Amino acid sequence: MIKAQRGTKDILPSDILTWQEIENKARNLFQNANYKEIRTPIFESTDLFKRGVGDSTDIVNKEMYTFNVGGGDTSITLRPENTAGVVRSYIEHGMDKLPTPVKLWYFGPMFRYERPQAGRQRQFHQIGLELFGIPDASADAEVIILAAEFLKANGIGNLVVSLNSLGCPDCRNKYKEKIKAAIKPYLENLCDDCKVRFEKNPLRMLDCKNEDCKKIFEKEEIKKVINDDFICEDCKNHFEELKKYLDKVGIKYEIDKMLVRGLDYYTRTVFEIKSTALGAQSAVLGGGRYDGLVEMLGGKPTPAVGFALGAERLFSLIEKKEEDKLDYFVVSKFQDVAIKTVFELRQKGYSADFDMLGRKFAKQLERAGKVAKKAVIIGEDELEKGFYTVKNLESGVQEKVSSL
RNA sequence: GCGGGCAUCGCCAAGCGGUUAAGGCCUCGGAUUGUGGUUCCGAUAUGCGUGGGUUCGAAUCCCACUGUCCGCCCCA
């Protein structure tokens, strides 16, 4: 038997209403906020992700589905995330000529070759949005507010946003050097991963889960450097402004100096929303500002901010939507009459179905009782005298009507 | 890439070396040739993830593989 590939899942009819509900809520909320939906291709040039997501990230280094096509001279990759693709589209279609800001949202499958576990699949879905052209913290605030609103709309209450600022490239580089200087004496005691990170991407050391590394970062002298406000005046003001906006709207947040996201393109604001109900993969949603990405991918310098949300993780947190019963189930041994009646009911906008196997009366009614609110009964009497018997299947009350 | 648990019908699940592999749900048929959601009866795994092995005998023990779940890493 051929089975679904490892790390992929069928979304079955029993779950589809809940999925549709998630998508509907995103569509309503984001379109109300003047975001337009964009659908970009599932695969892109491998180069886009190498440059966009970053060569030093795990995503690019070991998790991409990459193929050589066209006789081996074209390398394509199944998108592991969608920001790079949306930015590519933004540049390619000259969206910088559109009124500022340009606000886009998306929903679709992403692909990462990882070991599946709770809350992690190889094909998974993300809902996200991107806002282009606004350097002011009001843009960061809007994006975070929409993220919180969206979760709230899905019944996730009491959420707290983890917030941090990574600074701009300038202050971040200075910060990196300071951290490296502080940690250097302990370099030998770090885990192997952190030794590599020390050179390639020192900030990601702070995310390390290794107990020995954690202990080192807990040391007073190092903690002081980490917690030191390294960011420049402009970045600091930007961050303060953002907090002010969030306070004004009443969004709860906590500053997490350790929050360092794993994609290279983030600048200044980064944020994450977690749930303890999810197990090890606790992040439901993550995002931040990426002021350098558009330029890095060949566009004009354009500030931007966005987030992405793991739809499967959200799905596991929310109450499942039950299927509604049909308005009518037509019960009759005359199949031609049944099919015509069902057709007419549907034309009037009712949901309706009938028995296609010519089962006997009791069985048809049994089915009706399971799937519908009302049964329309059409037998010899009804046919002859030209009326319908409508039975309310919840109350058992039955009445004769001349039309439906 | 590295640890640990688990794998019996569409779903849940008993079985723990010995003749025909419980049970429940769902599905299908009947009791009941026009009144269901209550009840009763019947049907549905020659097979227990796959391949080897141990044994007179294996779903039950051993090995390998595969899958899945949980964790590490990383991320949504």
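All figures in this text were calculated on a predicted structure; none of them were measured in a lab. Each chain gets a letter, A, B and so on, in the order the sequences are listed, and its residues count up from 1.
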Participant: Once you apply the 3.5 Å cut-off to both distances, tell me the Watson-Crick or G-U wobble partner of B:rG3, or none.
Facilitator: B:rC70
Participant: Backbone N or O of A:D140 within a donor-acceptor pair of the A:T269 side chain at under 3.5 Å?
Facilitator: no
Participant: Rounding to the closest angstrom, what is the interatomic distance between B:rA58 and B:rA21 at atom C1'?
Facilitator: 12 Å
Participant: Measure from CZ on A:F334 to C1' on B:rU33 and round the result to the nearest Å.
Facilitator: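 That distance rounds to 12 Å.
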Participant: Over all strands shown, is A:A308 touching base, sugar-phosphate only, or nothing at heavy-atom distances under 4.0 angstrom?
Facilitator: sugar-phosphate
Participant: Can you check whether A:K9 has a side-chain N or O nearer than 4.0 Å to OP1 or OP2 of B:rC69?
Facilitator: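 Answer yes for this pair, as a side-chain N or O of A:K9 is under 4.0 Å from OP1 or OP2.
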Participant: Which nucleotide, in any strand shown, forms a Watson-Crick or G-U wobble pair with B:rC25, with both distances under 3.5 Å?
Facilitator: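 In the structure as shown, B:rC25 has B:rG10 as its Watson-Crick or wobble partner.
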Participant: How are the rings of A:Y328 and A:Y350 set relative to one another: parallel (under 30°), tilted (30 to 60°) or perpendicular (over 60°)?
Facilitator: perpendicular
Participant: Looking at A:K244 and A:E240, is there a salt bridge between them, counting it only when a charged N and a carboxylate O are closer than 4.0 Å?
Facilitator: no
Participant: Between B:rG47 and B:rG37, how far apart are the C1' atoms? Round to whole Å, please.
Facilitator: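 Rounded to whole Å, the distance is 36 Å.
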Participant: Verify the contact: side-chain N or O of A:K333 to OP1 or OP2 of B:rU35, cut-off strictly under 4.0 Å; return yes or no.
Facilitator: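 A:K333 to B:rU35 OP1/OP2: no side-chain N or O under 4.0 Å.
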Participant: Should A:R88 and A:E44 count as an ion pair when the cut-off is N to O under 4.0 Å?
Facilitator: yes
Participant: Counting just side-chain N and O atoms, does A:R115 come under 4.0 Å of either OP1 or OP2 of B:rC2?
Facilitator: no
Participant: Taking atom P of B:rU68 as reference, at what distance in whole Å does atom CD of A:Q117 sit?
Facilitator: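 Taking CD of A:Q117 and P of B:rU68, I get 13 Å after rounding.
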Participant: On the 0 to 90° scale, with breaks at 30° and 60°, tag the A:Y90-A:F132 ring pair as parallel, tilted or perpendicular.
Facilitator: parallel
Participant: To the nearest Å, give me how far apart CZ (A:R120) and C1' (B:rC69) are.
Facilitator: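 One finds 13 Å between C1' of B:rC69 and CZ of A:R120, rounded.
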Participant: What nucleic acid atoms does A:I127 come within less than 4.0 Å of, heavy atoms only: base, sugar-phosphate, or nothing?
Facilitator: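 Answer is nothing: A:I127 stays at 4.0 Å or more from every strand.
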Participant: Taking the C1' atom in each of B:rG4 and B:rC41, what is the distance between them to the nearest angstrom?
Facilitator: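 B:rG4 and B:rC41 have their C1' atoms separated by 48 Å.
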Participant: CG of A:L357 versus P of B:rU27: gap in Å, rounded?
Facilitator: 13 Å
Participant: According to the Watson-Crick and G-U wobble definitions, with both distances under 3.5 Å, which nucleotide is paired to B:rG49?
Facilitator: B:rC65
Participant: Between B:rC2 atom P and A:E114 atom CD, what is the distance in whole Å?
Facilitator: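 Interatomic distance, CD of A:E114 to P of B:rC2: 16 Å.
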Participant: Atom CD of A:E366 and atom P of B:rG36: how far apart are they, to the nearest Å?
Facilitator: 9 Å
Participant: In whole Å, measure the gap between the P atoms of B:rU50 and B:rA59 for me.
Facilitator: 11 Å
Participant: Could you tell me how far apart A:R6 (CZ) and B:rC65 (P) are, to the nearest whole angstrom?
Facilitator: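 Going from A:R6 (CZ) to B:rC65 (P), I get 13 Å.
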Participant: Can you tell me the Watson-Crick or wobble partner of B:rU35, both distances under 3.5 angstrom?
Facilitator: none
Participant: Does A:E382 get its side chain close enough to the base of B:rG34, under 3.5 Å, for a donor-acceptor pair?
Facilitator: yes
Participant: How far, in whole Å, is B:rC61 from B:rC70 if one measures between their P atoms?
Facilitator: 25 Å
Participant: Is there a side-chain contact between A:R359 and the phosphate of B:rC28, meaning an N or O under 4.0 Å from OP1 or OP2?
Facilitator: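 Yes, within the criterion.
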Participant: Quick one: is B:rG37 close enough that its OP1 or OP2 comes under 4.0 Å of any side-chain N or O from A:K325?
Facilitator: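 No, because none of the side-chain N or O atoms of A:K325 sits under 4.0 Å from OP1 or OP2 of B:rG37.
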Participant: Nearest whole angstrom, please: distance from the P of B:rC28 to the CE of A:M356.
Facilitator: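 A:M356 atom CE is separated from B:rC28 atom P by 14 Å.
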Participant: Confirm from the modelled atom types if A:K360 and B:rU33 form a donor-acceptor pair under 3.5 Å, side chain to base only.
Facilitator: no
Participant: What does A:L393 touch in the nucleic acid at a heavy-atom separation under 4.0 angstrom: a base, only the sugar-phosphate, or nothing?
Facilitator: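 Base, at least one base atom sits under 4.0 Å.
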Participant: Determine the interatomic distance between C1' on B:rC6 and the same-named atom on B:rC16; round to the nearest Å.
Facilitator: 16 Å
Participant: Using the P atom as the reference point in each nucleotide, state the distance between B:rG52 and B:rC12 in Å, no decimals.
Facilitator: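 These two P atoms come out 28 Å apart once rounded.
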Participant: Are A:K174 and A:E177 within salt-bridge range, i.e. N to O under 4.0 Å?
Facilitator: no
Participant: Work out how far the C1' atom of B:rC11 is from that of B:rU27, and round it to whole angstrom.
Facilitator: 12 Å
Participant: May I ask you to check whether A:F150 and A:F30 place their ring centres under 6.0 Å from each other?
Facilitator: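 Yes.
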Participant: Students often get this wrong, so: under 4.0 angstrom with heavy atoms, is A:E63 touching a base, only sugar-phosphate, or nothing?
Facilitator: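 Touches sugar-phosphate only.
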Participant: Check whether the side chain of A:Q398 and the base of B:rU35 form a donor-acceptor pair under 3.5 Å.
Facilitator: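 When only heavy-atom distances are counted, A:Q398 does reach the base of B:rU35 through a donor-acceptor pair under 3.5 Å.
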